[in-house]
Structures are given as structure tokens and as C-alpha cells.
Amino acid sequence: MTRVFDDDLGTGFGTRAIHAGQRPEPLAGAIMTPIYLTSTYVQEGLGQNKGYEYARGKNPTREALERNVAALEGGRHGFAFASGVACVDSIMKLFKSGDHVVCGENVYGGTFRLFDRLLQNLGLSFTYVDTGDSQRIADAVTKKTVAILVETPTNPLMRITDLAEAAQIAHRAGALLVVDNTFASPFFQRPLEFGADIVFHSTTKYLNGHSDMIGGIAVVKDDDLATKLQFIHNAAGAVQGPFDSWLALRGT
Ligand SMILES: *Cc1c(COP(=O)(O)O)cnc(C)c1O
């Protein structure tokens, strides 16, 4: 599981953006993280390796990006995905048929399409509300609610949600607060500081910043939640490739 380097968390935002998660490469000391184009890693013996077995589970370039963005968000663990919607899809795999999610009514169109056209068919149910009004979030919560998903500011209408209130409502219901932070970026807003459980991005947008890749990333603080996401990351396999990970890392 990709955990941030603790000493990166003691540094300022600019230093984290440039350095967090990146350590000189051990073979030659390359200061920039190389693009590790490999599917698998040599085993020194049966079950003996350097901590890397197969790149769906772990890739050093992807890990550098995951540690970097996790540090920027003030989180502990990062999970980089092949796209923003792949990231949301994998987050939703934490839940099961019969579970209910309260979702912002103005979330990104691709998020709504995923919920409305695919995940609803698998038995998840969704209620869409104006999350700018905390009372409407609270009113939509049922006994089956497992998550509140908000995007703030929203794409495209720039609607705003009070994250601290949304976190309180979620936690009172025993649900997770999941926040799409794509449009703010961790420079302007760090939802984990307001009580969010999962923050995610389409790295395709501001974090990459060059319009030359597609990606998503989820960040959490909690170790148990990280263990569950790590399992999904590897088991469902919607992981970010090393070249696109490197491009996103260059973006930050
Ligand atoms: C683009 C976007 C997504 C989806 O990300 P992709 O990388 O395009 O799959 C999700 N949320 C927001 C706010 C976006 O702008």
C-alpha cells in the first residue's frame, strides 16, 4: 500500500508539490522519478522480492504520484487510476447492492452517467440534491445511506458545499463523505481537513495541467479504508499506467 513519507508532511505546500513522494532512484541516483515500464519484477527466490511483484499492484512511478498528491491533500494514502471516472467507479466498489448514496445534483456529467446508467443497474441507489443546502443533504439520508458524494466547486456551475457540515451529517449516519476536489485543487481546498473520508480528483484537469493525459486519484487518511481501496485497486485493476503517472507528477 502506498503510504506518504512522513517527513514530506512537515514541509510547506510548494516543497511538497515539487518533492513529496519522490526519492532519488536507487540504481543511479536519478533525481527525477524514472518511468518504470515493467509489468513484473524479478523474484530472488520463491516469494522473495523487493516489495514489488506485479505492476497492477505496485509501480514505483505510480507510487511517486500517489505519495505526492496524498501529501498535497494532507492524506496518508493515494491510489492513482486510469481516469477520474475509473476512480469514482472503484470508490463505489466499497459498497454493495442495496446501499444508498446521497449525491450532489450538479456533479460532473460523467459521474452522473456512471451512477445512473451503470451502477444503479447493480443495485446501488442514488438521491440527487443541491448539496449547497446542508439541510437537503440531511433530509436525503436514509438508514441505507453509506456515502455522501459532493463535488465542490461543481463542474460546470461552480456550486459550493459546506464540507464541515456535510462531514458531520455523513458521520452521524455512519456514512462516508466522498469529495470530488478536481475544480479546487489541493492548493485552494483540502477536504480531509474538514472531515472528508475520501478526496478524489480527475488528474486530467488541473493537477496534470497540460491536457496530455487522462487520470484519477483518490486520497484517504484512514488506514482501514486504505486497505479496502488497495484491495479494490488491485482486484478491479483500473490503475494508472506509469507514463501517465509521470506526466501527472510533472504537472504537480
Ligand atoms: C473531468 C472530471 C471528472 C472525470 O474525470 P476523467 O478523468 O475525465 O475520467 C470527474 N469530476 C470532475 C469534476 C471532472 O471535471
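All values derive from a computational prediction rather than experimental measurement.
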Can any side-chain N or O of [X] pair as donor or acceptor with the backbone N or O of [Y] at less than 3.5 Å?
X      : Y      : result
Ser134 : Ala166 : no
Asn68  : Ala20  : yes
Arg172 : Ala138 : no
His19  : Thr15  : no

- Query: For the residue pair Phe126 and Phe115, does the interplanar ring angle fall in the parallel (under 30°), tilted (30 to 60°) or perpendicular (over 60°) class?
  - Reply: parallel

- Task: For the residue pair Tyr36 and Glu63, confirm or rule out a side-chain donor-acceptor distance under 3.5 Å.
- Result: no

From the list Ile35, Thr203, Asp212, side chain to side chain contact (heavy atoms under 4.5 Å, CB included) partner of Leu247 resolves to Asp212

Paired with Ile169, the side chain to side chain contact (heavy atoms under 4.5 Å, CB included) test is passed by just one of Asp162, Val141, Leu177, namely Val141

Checking Asn106, Thr182, Asp180 against Thr154 for side chain to side chain donor-acceptor pair (under 3.5 Å), the one that qualifies is Asn106

Is [X] salt-bridged to [Y], cutoff N-O under 4.0 Å?
X      : Y      : answer
Asp139 : Arg136 : no
Lys228 : Asp224 : no
Glu151 : Arg159 : no

Exactly one of Asp222, Asp8, Asp6 clears salt bridge (charged side-chain N to carboxylate O under 4.0 Å, His left out) with Arg76, and that residue is Asp6

Distance col, row Phe194:CZ vs Leu192:CG, nearest 0.5 angstrom, shows 10.5 Å

message: Check whether Tyr108 forms a cation-pi arrangement with Lys205 (NZ or CZ under 6.0 Å from the six-membered ring centre, at most 45° off the ring normal).
response: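 Judged by the rule, Lys205 and Tyr108 form a cation-pi pair.
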
Closest non-hydrogen contact found for Thr161 with Gly132 is OG1-N, 4.0 Å

